[in-house]
Structures are given as structure tokens and as C-alpha cells.
Amino acid sequence: MTLGEFRARFPIFTRRVYVNSCSQGALSIDVDQAMRAYLDSWHEQGSPWEMWVEQVECLRARFAVSIGAATDEIAVMPSASAGINAIASALTFDGPRSHVVIGDFEFPTMAQVWLAQERRGASIRRAHASGDTLPLDAYGAVIDERTLIVPATHVCFRNGHKTDIAGLVNLAHSRGAYVFLDDYQRTGSGPIDVHALGVDFMVTGCLKYLLAASGIGFLYVRRDLIERFEPTVTGWFGRVNPFAFRIDAIDWPSGANRFETGTPPVPNAYAALAGLDLLDRIGYDTVQRQVDRLVDQYAASARDAGFVVRTPAEPERRGPLVVVQSVDAPALVAKLATRGIIASCRGNGLRVSFHAYNTSADVGVVIDALVAESSLLERATAAAR
Ligand SMILES: Cc1ncc(COP(=O)(O)O)c(C=O)c1O
């Protein structure tokens, strides 16, 4: 599939310049059809649970392949938050290791789940950013022999900073701590090999660069760790055989499905499979090349126009999201919408993110609009440029 054929699967581009995949991936014809297929199956067959559960199993296997994992290392979850909670609930904090190291660039849910563990004995330590960078040294200063786990976002939802996860894994493992990757702001925008990266746990979800709907995500747990953990946040789908309907005892499957809880999100699984299918057809390397090209073009053009780009300039320190500082970002997002451009903001940072469906022409339209609305943008000092 070519980039042009890929873009043609997303009808929104006939009406809008869509640069908001960091919030929600664009809707493809394929995902639309998959969701309709789910509804048809419900209409026609009433309650085809066997087939529906089979779709979820198919999704588990397909997602595993897409990140270089084994099928039984994947739990299909209703959200990233649910995946984080499953692991947090399985850990104990009463031994020599009770510290959780949280970096300044985490998505709120990642901090909040671990803050909630303080009642269970966890102690939160912070790795502080300097401005919009979070060097490994900041982690090095706080990870020690008391550290149990280091949850870390790959790409920051607020400023687009990409953390050196391989470096963080080396650092944390050399001090005996686990690394829990939150890949939500990156998965689908390029290839990843979780075994090569060496992370212990990972969560992500389907609604952004995986091009599907909300209400479905994944938890990856490294094979040799799975059977060490028994979550206390659990449910009947976390059992060896949910359909044994036991209420007298609890058992634990040997795979990561032990971290699942209730009835799986079947409609969302249909959507997610269609999203993965599209990404397979174009290929993750092609997606990455296109995203990198557009990110380079947009960041360079924004800098040349004199705007303050908060996302790091080094290519290896950024993902698919570029953030430019506004003086009133909600007003800027509204102005862009009147020009047919869909973007988003966090605080006064304007978020523009790219997927393989975007083009150089999209970048040009956004830059022209920013120049036209430049009274809403912060200007870089000559020295900063
Ligand atoms: C980096 C990151 N982590 C986690 C989440 C939240 O995931 P969920 O709502 O599935 O728990 C988001 C959502 O935007 C995110 O950007």
C-alpha cells in the first residue's frame, strides 16, 4: 500500500487537515466497516460470544507480533490505566524496595495510579525535568537500591519529548529496578521491539496512532515475570477457564491474560483489528519514515517562522508530536478549526501530530495558518533561534 492509498482510506482528509492523532487517530473506512461488521453480527446472530471472544484472541496475537512479543505476554485491557493498575496491584511495597520513580513528563494516570499505592506502602520519588528535557541523569539521581519500579512515558503528551527508554532500561536494571513503559503516545507511529528494548512491562491503547476507538488497550508483561505476579485487581476473565464459573477458588493462567478482569471490549476489538490490519498493509517502517519527515519539516518551519518549539530539536528525542508555544492555545486551536485544521492543546502548548496519512502539504497549511495567526504565538528570542 502506498502513502497515497493509505491516506485515501481516511475520508476526513477530503474535508479537514487532521493533525490530531495524539488525541484520536483519524477514522478509516476499514475501521468504520469493522465496527459495522460487529453490529451486523449482533443483529444477525444475536449473541455469537464464541466468535466475539475469538476476535479478541486474534487481536491479542496480532498486536503481539506488531511489538515483537509472544501472544501470551499480552493482556487485552479496556484502557492503559487498567493495565497499570493490574501491575501496581500485584506489587508489594513492604520489602527493601518500595520506591516508585516518576518522571515529570508522565501522563496523569501513570502518576496517579502509583500515588494511590502510597497507602499500600509505596514511596514516590521524582525525576525532574529541566524545562522541556528529561535527561537520564535526572533518573540516575533518584534510582537506587530502594527503587522497585520506574514507570516512564516514551513520548510526552504535553511537549513531545521522547525519552531514551533503552538507556533508562540499562540504568534501572543495573540498579535492580523494573521499567514500565507507557508507549501510548508512540505505538503505531513506527516499529517497536519490546524484547530488544528490554522493558519489563508496557501499556498502550488503540485510539491514537493505532487508528481505532477508545475503550481498548494492551498490557505487555515480559514472559519470565508473568507468573511472579498475582494482581488483586482481577475478575473472571483473569482465570484459567472463565467458563468454569468457580466461586470457591481462584486460579491464575500462566499467560498475561491473568491481568485481565471482566468481559472483553468486543466492539473495540473489531475496530482495533482493522487498525492493525491497515498498519500492517502500509508497514511500520514506512509509517516511521513519513512521520519523521513531517516532524522534521514542521519543527524546522515553525522555528524558521520565529515560533517557540518546545519539542526537542534532536531527532532521537522526539516522536510523532510537535508542540509550539502559544500565548492562548485554546483560542489558537479554535482559530485553526475555522481554517479546517484539527489540532489540540495542553496548557498553552499547541499540539500538532503526524501519521502516515499526513503530507507535506498538510504541514504547509498548518504553518501558513500559524503565520496568519501569529499574534497568538509566542516568539523566540533571536538567541534562542
Ligand atoms: C501517554 C498516555 N498514557 C496514558 C493515557 C491514558 O490512557 P487510558 O485512558 O487508556 O487509561 C494517555 C491518553 O491520552 C496518554 O497519552
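All ligand and atom numbering here is 1-based and tracks the order in the structure.
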message: Is any side-chain heavy atom of Arg258 closer than 4.5 Å to one of Phe237?
response: no
- request: May I ask you to check whether Gln290 and Arg293 show a side-chain donor-acceptor distance below 3.5 Å?
  value: yes
Axial cation check for Tyr357 ring with Arg7, 6.0 Å and 45° limits: no
field: side chain to side chain contact (heavy atoms under 4.5 Å, CB included) partner of Phe157, the single match among Glu106, Gln185, Lys208
entry: Gln185
Please give the N or O to N or O pairs under 3.5 Å between ligand 1 and the protein, distances rounded to 0.1 Å.
unit_1   : atom_1 : unit_2 : atom_2 : d
ligand 1 : 3 (N)  : Asp182 : OD1    : 3.3
ligand 1 : 3 (N)  : Asp182 : OD2    : 2.6
ligand 1 : 10 (O) : Ala80  : N      : 2.9
ligand 1 : 11 (O) : Ala80  : N      : 3.4
ligand 1 : 11 (O) : Ser81  : N      : 2.8
ligand 1 : 11 (O) : Ser81  : OG     : 2.5
ligand 1 : 14 (O) : Lys208 : NZ     : 2.9
ligand 1 : 16 (O) : Gln185 : NE2    : 3.0

Neighbour count above 12 (heavy atom, 6.0 Å) for Arg228 CZ: yes
Value rounded to 0.5 Å, distance of CZ in Arg281 from CZ in Arg9: 5.5 Å
